[in-house]
Amino acid sequence: MSKLFYTIISIFCMQAVFAGVLTVSNAPISPGQYATIVSAINAASTGDTILIQGTAFNYGSFSVNKNLVFIGPGHNPSDKQNSSPAVLDDISIGGLGSGSKYYGLNVNSFVTSATVTNVVISNCLIRYRIELRHRTSNNWVVDGCIFTSTDINIRGNAQGYGVNNFLARNCVFNGRIWDFPALDNGYNYVTNCVFLKNDGSHSLESTNYFYVTNTIFYRARPTFTGWVSFDKCSSFQTNGGSNTFTANSNGLSRTVYENTDPLFENFPAAGASFNYAHDYRLKSTSPLKNAGTDATDLGVFGGTQFSNILLGYNQNGIPLNPYIKLFNITGSSSVNAGDNLQISVEAKVRN
């Protein structure tokens, strides 16, 4: 059954990316081509895609020094035949890992081990943080991700001197962005995000030359240390601080919504950290509907751009690839060699 599962998914992925596809599973009763991610990386060529099956076992930590695409089943694939996520620990990305992409994974952290550029991390759940330890690690896109730590979610390690065009888009933060003290010759961006709580710290701490748009701060301070420009952002019930936005660092006028309830579809009035039961869509009566710089909603369900194989923010982190929703043996489960096994398969695609 597992071989059929991977055959179906591999066909779709090969059509999408026009490169080699390798499958990984560390479950002994449902093997992929490789039992570990490290062995799949060693066998992969630049541009290949590695499909990681969700299992009950942690895949551990590994290093990436090739331009590869990693696709998991989603960090909460509740409507799939196999509802287990692909859980990983720490991913260390080296210089040759520039251009690599990561979709639909449950990861503890992403850390650079050299200057790394053009990385995409999309619709992943990140339990700890993304950490840029090297200068000029430019052109990162982090979209549709959920950060569950209430401490530092994205850390520049003072390597903000020379980090340009870092974009966090359509993400939910339980914590804060920290330690991007300056830049080389560009800017960094936060748009259509939701900050839920950061234990009284600044949401943007020691950050310089950040543009923040279409973002909701709920219990999280919309204040900062450094150079930050806000526009079309809102605050409500901030934790240990004022609901007001301080003046923009560039002195330009902007529109902000201070102490304004966003009216999420389903969210505790007193606020809370991220939970899959929440619904961060805006009610039709929300003052933040269609109020963004692009005339879409503030928060994670607004915006008009997203990474290439995903279709907007997805609460469960499920990539756009077709996947098995239902798999049943409709005939006898015991057949002789050479006889036919009758099965029924239902697939689904998000579009």
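The residues of the chain are indexed from 1 along the displayed sequence. All values reported here derive from a predicted model rather than from experimental measurement.
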Can you tell me how far the [atom1] atom of [X] sits from the [atom2] atom of [Y], to the nearest 0.5 Å?
X    : Y    : atom1 : atom2 : result
Y257 : L298 : OH    : CG    : 7.0 Å
L204 : F210 : CG    : CZ    : 7.0 Å
L252 : Y211 : CG    : OH    : 7.0 Å
I71  : N123 : CD1   : CG    : 12.0 Å
Y59  : I37  : OH    : CD1   : 6.5 Å
S100 : N65  : OG    : CG    : 9.5 Å

Item checked: Whichever hydrophobic residues join W178 through chains of side-chain contacts under 4.5 Å -> I152
Please output the side-chain donor-acceptor pairs of residues 226-233 that fall under 3.5 Å, not counting sequence neighbours, one pair per line with the distance.
from	atom 1	to	atom 2	distance (Å)
D231	OD1	T255	N	3.0

Selection [range] - residue pairs positive for salt bridge (Lys or Arg N to Asp or Glu O under 4.0 Å), sequence neighbours left out:
range            : result
residues 42-58   : none
residues 259-286 : D279-R281
residues 201-212 : R176-E205

Notebook entry, point to check: Which pair of non-hydrogen atoms, one from Q53 and one from A86, has the smallest distance, and what is that distance?
Noted result: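 Of all heavy-atom pairs spanning Q53 and A86, the closest is O-CB, 4.0 Å.
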Margin query: For P222 versus N243, what's the shortest heavy-atom pair and its separation?
Written below: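 Answer, listing the atom of P222 first, then N243: CG-O, 3.8 Å.
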Verify, without hydrogens or angle tests, whether [X] (side chain) and [Y] (backbone) share a donor-acceptor contact under 3.5 angstrom.
X    : Y    : result
S234 : I216 : no
D297 : N290 : yes
N314 : G144 : no
N138 : N164 : yes
T112 : I93  : no
S235 : N259 : yes
N67  : T46  : no
Q315 : H278 : yes
T260 : E258 : yes
T296 : G303 : yes

Margin query: My understanding is that only residues two or more places apart in sequence, or in another chain, count here; which of them pass side-chain contact (heavy atoms from CB on, under 4.5 Å) with P28?
Written below: F57
Partner set under ring-ring contact (aromatic ring centres under 6.0 Å, His included) for [X], not counting sequence neighbours:
X    : result
F173 : F147, F195
F274 : Y276
F110 : Y102

Next item on the list: Evaluate the ring planes of F236 and Y218, with Trp represented by its six-membered ring, and classify them as parallel (under 30°), tilted (30 to 60°) or perpendicular (over 60°).
Entry: perpendicular
Note to self: Would you call the rings of F267 and F264 parallel, tilted or perpendicular, taking 30° and 60° as the class edges?
What the structure shows: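 The arrangement is perpendicular - the two ring planes meet at more than 60°.
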Notebook entry, point to check: When you check the side-chain N and O atoms of N139 and N165, is any donor under 3.5 Å from an acceptor?
Noted result: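 Short answer, yes.
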Next item on the list: Would you tell me whether D179 and S206 have side-chain atoms, one donor and one acceptor, within less than 3.5 Å of each other?
Entry: no
Next item on the list: Please say whether more than 12 non-hydrogen atoms of neighbouring residues, nucleotides or ligands are located less than 6.0 Å from CG in D339.
Entry: yes
Please name all residues satisfying salt bridge (charged side-chain N to carboxylate O under 4.0 Å, His left out) with [X], sequence neighbours left out, ordered by chain then number.
X    : value
D90  : none
K66  : none
D294 : none

Checklist line | F301-Y280 aromatic ring centre distance below 6.0 Å | finding: no
